[in-house]
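Since the model is a prediction, treat every value here as computed from it, not as a measurement. Quick note on labels: first sequence line is chain A, next is B, and so on, each numbered from 1.
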Amino acid sequence: MIALFLSILPFLLWDESPATAPQLKKAGIERIAVSGDPQPWSGTGIEAVRVDGTKMIRLDAPSVDYQPGVAGATGAPWINSNLWRMIRDREKEYLYEVPASSLPLAIGEAYTAGARAYFRVKPADLDRFAMAFGFVRGLDGPPLPDRTNFDVVDDGSEDIDEILNLLVRRNLLFDVVRSSRNGRMEVRKSADDPFLLAAKVRSRIGDDKRLARVYGTETTLVRLFGDEHHARVHLLQYGRNPAAGVRARVLGRYRRVYLSDFGDKLALAKDIVTDETGTEFSIPELRTFAIADLEASEPGVLHSSRAASDVALTADPDSTFWRSAPLVTSSLDPFGRPTGSGPTQIRSRWTHDSLYLLYTCPFHDLYLKPNPVLDRDTPLLWDWDVAEAFIGLTSDDIYHYREFEMSPQGEWVDLDIDLANPKPDYGMSWNSGYQVKARIDRDRKVWYGEMRIPMASLPAADPKPGDVFRLGLYRIEGPPPNRKFGSWQPLYRATYHTPESFGNLVLD
Amino acid sequence: MKRRLFLSLPLAPAVLAATVRTQPEYRVVTKFRPEGRFGMPGPYRGQAVAVHADASIDSTSGRVDRRVVGEMLSRAMRTLTGESVVENAWKRFFDPADVVGIKLNCSGAPDVCSKPDVVGEIVRNLTAVGVKPANIYLYERFENQIATVPYARFLPEGVNIHAVERRRGSMTGYDPYTYVEVDFFGEDDTRSNLVRLVSERLTKIINVPNMKDHGAAGVTGCLKNIAYGNFSNVARSHRDERTNTYSFIGTLASVEPLRSKTVLHIMDGLKGVWHGGPFVLDQRFVFYPKQIIVGTDPVAIDRQLLDIIDDKRKAEYAPSVWDRSMTHVSAKPKFDPNLNVFIREPGHIEYASRLGLGVYDEHAIRVTRLEVA
């Protein structure tokens, strides 16, 4: 678990007593809204804030009506979406009181709109809410700007309602503004039928200039955020059945696509392609709500220089063995923001039998496990200060990789991770036979950690120059509640187990 | 009045109208290039072999005589290729290394479809020339249609039966890199993607359409089956009384690698539909041509189909497939053979000829007609 950024997350509006606090905590809910006095919740571990539900705008359950012809010019089903309403006025507060089955899509809708939305949920539906809430919380990073093709000038009239409604349904991406902005295409109240107006808007933009599009579905709405370096696509599937093989196209050239699909822990974007102007990918099965992060940078590369023979571990970057080794630095968190610590350096070397990694880890405060055990795996080592390497075995099966961790005290744990076929105890019964050496320089506030990983454990029976391993490099530092999480490559989600994000380790 | 002249009367204005009509703007996206010597119209351009056998199917029970079907197919293949031995005829098209797709037509299934007896004979001939059963794929777009026909009973073990959309609307069976992009009526999904099996697995395709009227296309034969049957999201080409089958069918059929891989057309005309197609809305609209037409030129074969369906419709006092009168258009035709949902576009066949898919001019087509007792 890494730090969360509670910015525009949906709120649980909870009418039950503080006695339910343990139930909430178990569901991963730490903040709630209440209609009454929040004081009784103090000391329960749940942060409660008072709201007035009667002043909120009540929203219907998102859904779709399969009525041919209702949606006018296209014959597409009629999507009952609240997106336009919330996008129009993000300052207002909205209230969902919807059946449990609608909760995931409603939460996705509210999170996509970026509006403050409250969900009045029955105790029996809490787990359902918590699942969807946990999904968006795990993806919630710094707010990203909307990416839109044009502005809708909102004159406050009801006529704009239906225009916004149609534009959302047509996946035409707009900002709502009160007055004109220079250089932007704009849409105002029109005497045209909204269907006709939407068609005109689409024609004026030109399909090839639309920032985001979806194919293979008539029941999916899309919104786009971010910039040319990192784009985030929200896809909301309103149909009653999952949409299989939905294809998304985003204007801009992005090298990597990380997909999170609610209800599918192994969601992996397929058939990723970048052409002259855009990036496309397919979603195997879009059930309700998915978020795809598109990263423009090439995967990072850590070169590993060859050594003639194995050496004793020193954990000393100034040693003969390590002095000239190539290195990479890592100073950002999973969302690409500075961690606030000095940059972590990671060097690598290799021999026929071993892969070496050396971490140089500046720190503010060490957070060490008491009574360290050094002769066996330390379970849950990641709850303390650690440096980590995830090494992928093949590009054909990116779900399968090996995880190596070590602490400043020399504790270690190695895991055989297979996301598609999770092993008991996170694969901890597997042992690579790797060795570690740790060293803390308290005066300079740096700790060093060196790993020697048997090539045979990767497995790489006959490594040779030019071989490439998939690689993730991470670090966790400091005591809670201000733990710092570092990642060599951007992840845009609250889990390191995002193998799409891995860089490459190249044997030189 | 001779039949040739009789047919030409409505044809001329239809073609003229089609010529001046503005067609949608198509963008074909494919990495494939024409390959091999078999691609449509293939080595027997402007030719077709039509074999009739009264005993091929019992028009009372619908029972097919497989022995007769086998003989019809054998005669047709030998005549088409000029080979005296049937195995040699098939060897002209297929070798043991091929992965062969058999594009079925199951939209009228189980009543009128690519008959399992016919398909079984095709498979038998393929295996006879060394194609492995595991490298033969019967395929159709929709699971719920193909599942109604007991093909497996007519096949050797190991032959694959493949539905592209196991659940309606699923896109996973389509190739995201090969598609035709076009906006017909303002629909947002403007792509029609090629069946992934075609682009990624098959080396050759045998097209097995039926003889059917088609409410949108006029008739559905080789071109319609190979085009609309191999791409996603094609129903969007029809709206209200209008349909874009006129140009969309030929455009789709021309997309590589579909065009190059489709090497043989075996039109199963044992049992057909003269109205309400491609479905079987009413048994009154079913008829028994009792023939199989074989060739490599889909236009030449479909040109024969036009006559067959139109002649039958005339015999039933139904409007010609060339009729464009709005008085015969109704959103709810209610089994009335005088009414149709769309204005039919039989000109799609002539349009396809202009794309180089085959010969449309009846005078330039050589049809060999055979009779099997």
Side-chain angles (χ1 to χ4, degrees), chain A residues 66 68-69 71-77 79 166-172 193 195-203 206-208 210 212-222 237 239-249 269-275 278 280-286, chain B residues 24-32 141-144 163-200 216 231-244 331-332 341-342:
Chain A
Y66 293 93
T74 70
I79 296 170
L166 260 294
L167 295 174
V168 163
R169 270 168 238 290
R170 295 286 176 269
N171 282 326
L172 297 166
D193 176 299
F195 293 107
L196 183 60
L197 181 65
K200 284 183 178 175
V201 170
R202 175 182 168 189
S203 173
D207 277 351
D208 58 336
R210 290 169 66 185
R213 295 191 67 189
V214 286
Y215 303 93
T217 172
E218 291 185 309
T219 53
T220 300
L221 298 188
V222 60
Q237 157 61 4
R240 291 173 196 148
N241 296 314
V246 168
R247 188 127 181 106
R249 178 178 176 84
K270 302 277 190 188
D271 296 315
I272 300 167
V273 64
T274 303
D275 59 28
E280 295 192 10
F281 59 95
S282 297
I283 302 169
E285 189 158 89
L286 177 58
Chain B
E25 193 174 322
Y26 296 104
R27 186 170 77 94
V28 176
V29 177
T30 178
K31 65 183 178 187
F32 297 93
R141 285 182 61 204
F142 304 123
E143 168 93 16
N144 63 334
V164 180
E165 295 183 32
R166 296 184 68 184
R167 188 171 63 214
R168 280 282 181 129
S170 170
M171 288 296 294
T172 55
Y174 295 97
D175 178 354
Y177 304 112
T178 308
Y179 56 87
V180 175
E181 187 141 25
V182 57
D183 177 359
F184 290 122
F185 297 107
E187 68 275 13
D188 203 50
D189 186 354
T190 49
R191 286 186 186 172
S192 292
N193 293 72
L194 179 63
V195 166
R196 197 187 279 264
L197 180 72
V198 172
S199 58
E200 295 183 356
F231 285 86
S232 68
N233 193 28
V234 288
R236 66 191 170 100
S237 65
H238 322 309
R239 185 143 180 87
D240 299 327
E241 80 281 2
R242 289 186 297 154
T243 161
N244 289 281
K332 295 177 181 174
V341 177
F342 306 106

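Contacts of Arg27(B) with chain A are absent, with no heavy-atom separation under 4.5 Å from either backbone or side chain. Neither the backbone nor the side chain of Tyr174(B) comes within contact range of chain A, judged by heavy atoms closer than 4.5 Å. Both the backbone and the side chain of Thr190(B) come within contact range of chain A, with heavy atoms under 4.5 Å apart. If you measure heavy-atom distances from Phe184(B) to chain A, you find no contacts under 4.5 Å at all. Contact annotation for Ser203(A): neither backbone nor side-chain heavy atoms come within less than 4.5 Å of a heavy atom of chain B. Proximity to chain A is limited to the side chain of Arg167(B), based on heavy atoms less than 4.5 angstrom apart. Glu165(B) does not touch chain A: none of its heavy atoms, backbone or side chain, sits under 4.5 Å away. Residue contact with chain A, scored on non-hydrogen atoms closer than 4.5 Å, is absent for Asn193(B).
Counting heavy-atom pairs closer than 4.5 Å to chain B, the top-ranked of the candidates Gly239(A), Ala198(A), Pro242(A), Ala199(A) is Pro242(A). Counting heavy-atom pairs closer than 4.5 Å to chain A, the top-ranked of the candidates Ser232(B), Ser170(B), Pro176(B) is Pro176(B).
A donor-acceptor contact shorter than 3.5 Å is absent between the side chain of Arg210(A) and the backbone of Arg249(A). No donor-acceptor distance shorter than 3.5 angstrom exists from the side chain of Asp175(B) to the backbone of Leu194(B), with no hydrogens or angles considered. A donor-acceptor contact shorter than 3.5 Å is absent between the side chain of Asp189(B) and the backbone of Tyr215(A). Listed for the Arg202(A) side chain is a donor-acceptor partner under 3.5 Å among the backbone atoms of Gly186(B). Judged purely by atom type and a 3.5 angstrom limit, Ser192(B) uses its side chain to pair as donor or acceptor with the backbone of Asn233(B). A distance-only check finds no donor-acceptor pair linking the side chain of Arg166(B) to the backbone of Gly173(B) [under 3.5 Å].
Under the 4.5 Å side-chain criterion, counting only non-hydrogen atoms from C-beta, Leu166(A) is not in contact with Leu197(A).
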